[in-house]
There are 2 protein chains.
Amino acid sequence: MKSNITMRDIAEKLGVSSVTVSKALNDKEGVSADLKLKIKKVAEEMGYRFNTVARAMKDGRSHNIGIIIPERFTGMTQSFYLNVYQSLSKSLEQKGYYGILHILSLNDEKSLVPPRIYLEQKVDGLIVLGQTNKAYIEMIQSVNIPVVFMDFYDEHTDMDSVTTDNFYGAYDLTNYLISKGHKEIAYVGNLYATSSIQDRFLGYYKSLLEHGLKRNDNYILNDRDEEGKYVDIELPDVIPSAFVCNCDQVARLLINKLIELGYQVPEDVSVVGFDNDVYATIGVPGLTTVAVDVEEMASIAVRFIDEKMKDFSKKFGRVQVKGRIIYRDSVSSPLTVSKKT
Amino acid sequence: MKSNITMRDIAEKLGVSSVTVSKALNDKEGVSADLKLKIKKVAEEMGYRFNTVARAMKDGRSHNIGIIIPERFTGMTQSFYLNVYQSLSKSLEQKGYYGILHILSLNDEKSLVPPRIYLEQKVDGLIVLGQTNKAYIEMIQSVNIPVVFMDFYDEHTDMDSVTTDNFYGAYDLTNYLISKGHKEIAYVGNLYATSSIQDRFLGYYKSLLEHGLKRNDNYILNDRDEEGKYVDIELPDVIPSAFVCNCDQVARLLINKLIELGYQVPEDVSVVGFDNDVYATIGVPGLTTVAVDVEEMASIAVRFIDEKMKDFSKKFGRVQVKGRIIYRDSVSSPLTVSKKT
DNA sequence: CTGAAAGCGCTTACAG
DNA sequence: CTGAAAGCGCTTACAG
């Protein structure tokens with residue numbers, strides 16, 4: 001492995017000082033245009049590669065941003081966060097940052113162990129992607145580098161977070177079902193599991209309220225236990241004409257269950273999901289759902305980190321990014337005749 | 001943002017030198033046990049965080065490893081590489097490295113632009129995850145830091161690569177179908193698209209040869225064009241009793257198509273996939289497939305990088321990691337009666 | 001326009 | 001066992 005070329009090597013070759021080389025290569029003032037060109041040419045020829053570490057040492061900024069994803073969101077089927085990570089990675093690169101992924105283990109979360117990337121001053125900022133427990137949020141908020149939360153928020157009023165507009169998305173979707181003529185609409189999701197599920201529920205509920213439809217407690221269906229493990233969905237005695245599911249995966253599970261029971265989707269029952277992930281397009285019928293604007297979310301989170309880097313006290317609060325409805329084949333107008341066998 | 005505590009701060013507080021602090025904190029020789037303990041205690045109290053950048057500056061190693069994924073493998077539905085990335089990230093962390101993701105754009109690949117993480121000396125090594133064009137492989141091989149390729153290889157004999165044992169997996173799976181009584185077995189996949197598809201085909205073919213079954217050219221079915229875009233699968237006039245698909249996604253597409261045509265899987269036709277990804281478990285029936293050992297692959301790739309770091313000339317060549325068959329419900333013994341309508 | 005000096009926070013010889 | 005000196009490769013502030 002040949003040792004690396006430094007600015008000093010270039011300087012010596014040209015009989016100038018390394019200060020001048022630094023100025024030339026960084027397009028700073030204080031070098032004649034002639035010399036600058038010559039320096040750049042020689043740098044190129046010698047295969048010079050800029051040493052980011054030395055720069056980091058000087059200005060105290062690594063230009064690395066840590067992205068923390070709690071372990072429980074990283075299972076095989078949960079590709080959403082990895083997609084977000086990818087978008088973040090792209091957005092960071094555009095601003096000259098680099099993302100370092102850290103999977104937060106259940107243990108470290110419980111024991112409130114700060115991520116090693118922080119303890120070793122490996123990163124200038126942190127993006128927490130996915131809900132952690134409250135104590136962990138507080139711990140991470142107390143850190144002396146910028147922190148932005150993604151895809152969740154909680155009662156801590158001083159946290160900066162970027163989430164998809166769950167409330168509006170579910171509201172929009174439910175309005176759509178109602179416009180199609182549905183009056184009996186169930187919601188599927190454990191209201192106590194995550195803030196997303198809660199907010200989507202509230203959006204659904206607002207739509208009911210606005211249209212003067214009564215909320216029916218039997219139409220709020222549980223889909224998972226407290227650890228997030230899916231449980232069998234217990235259907236009510238009277239099947240409603242439409243279901244708003246808190247996510248596409250659950251919508252797909254529900255559809256499979258309904259089909260097994262002899263119902264046809266969307267002829268007998270309409271079902272909508274949320275996320276527009278694989279589960280929306282795999283299987284028949286394709287799901288009408290809300291597509292989350294992952295790239296926009298990533299781009300905003302990165303901008304926030306960047307601005308907080310310049311002014312640590314800057315606050316953005318809770319920012320919501322609107323998604324949009326993707327229309328597929330899982331919704332139709334309800335049958336007017338009684339549909340219970 | 002309070003300025004950070006340094007070793008010198010600790011040294012001053014205790015009236016010792018920063019050299020001694022460095023030795024104590026790194027558990028090196030040359031400090032009395034007493035003093036070491038005291039130093040560690042004070043470091044803890046003062047909230048000292050080790051500065052990795054300074055260490056990197058000193059020893060010329062950033063401890064960052066770049067992970068390059070070609071853009072075309074990062075679409076919504078292709079979560080496999082992101083899962084590998086996640087495993088890599090974990091393995092790297094265990095050895096004290098940090099992974100930095102770089103999505104290789106189609107343009108940069110064509111123009112042979114080296115990744116910025118390399119040009120800026122941001123990383124000590126590179127893992128290329130997913131096949132690139134040959135010229136790009138050559139360019140990246142010429143770099144003066146360790147490189148390991150994952151999930152593909154090609155004619156360059158000097159490249160170190162870690163792949164899943166595609167050949168053996170498909171061979172194993174085809175043997176299984178034959179043991180179930182199948183004699184007419186088709187292979188689905190564009191043989192010219194990737195080395196994985198090719199090797200899986202060859203494993204399938206070896207199994208046929210070993211069992212004295214004749215290869216039938218009509219039983220080799222195309223699934224995608226040269227850009228990797230899926231095309232409609234053209235079924236042969238006589239439907240075989242079993243299909244070996246090059247991946248789960250294609251297996252699922254094929255099953256849906258067969259069902260549409262009125263066939264039942266596995267009653268009329270058996271289908272197997274490869275990868276054990278979402279497509280294997282989503283939909284009915286569940287796919288019999290080969291599970292790739294992602295964690296083992298990641299762990300080996302990281303070990304190779306680590307060892308090449310110590311000895312740049314070290315070669316490992318092509319290493320294959322065996323997967324294992326996951327038995328689900330997409331295979332049964334063939335009907336003995338004629339099955340063509 | 002050009003460059004000598006100092007420093008970022010560590011660690012590695014080496015001297016006492 | 002303890003520490004003064006030098007250096008990793010840059011950049012900043014200042015002097016000429």
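Reminder, nothing fancy here: chain letters follow the sequence lines and each chain counts from 1.
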Open item on the list: Heavy-atom nearest nucleotide on DNA chain D for B:Gly15 versus A:Lys23: which residue maps closer to 5'?
Closed with: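 Here B:Gly15 is the residue nearer the 5' end.
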Indicate whether OP1 or OP2 belonging to [N] is found under 4.0 Å from a side-chain N or O atom of [X].
X: A:Ser32; N: C:dT2; answer: yes
X: B:Ser22; N: C:dT11; answer: yes
X: B:Ser17; N: D:dG3; answer: yes
X: B:Tyr48; N: C:dG9; answer: no
X: B:Thr20; N: D:dG3; answer: yes

What nucleic acid atoms does [X] come within less than 4.0 Å of, heavy atoms only: base, sugar-phosphate, or nothing?
X: B:Gly30; answer: base
X: A:Val16; answer: sugar-phosphate
X: A:Asn26; answer: sugar-phosphate
X: A:Met7; answer: sugar-phosphate

Open item on the list: Side chain of A:Asn51, heavy atoms from C-beta onward: which of D:dG9, D:dT12, C:dT11 has the nearest atom to it?
Closed with: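 Between D:dG9, D:dT12, C:dT11, the one nearest the side chain of A:Asn51 would be D:dG9.
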Task: Nearest listed nucleotide, side chain of B:Val19, among D:dT2, D:dT12, C:dA13 - done: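 Closest of the options to the side chain of B:Val19: C:dA13.
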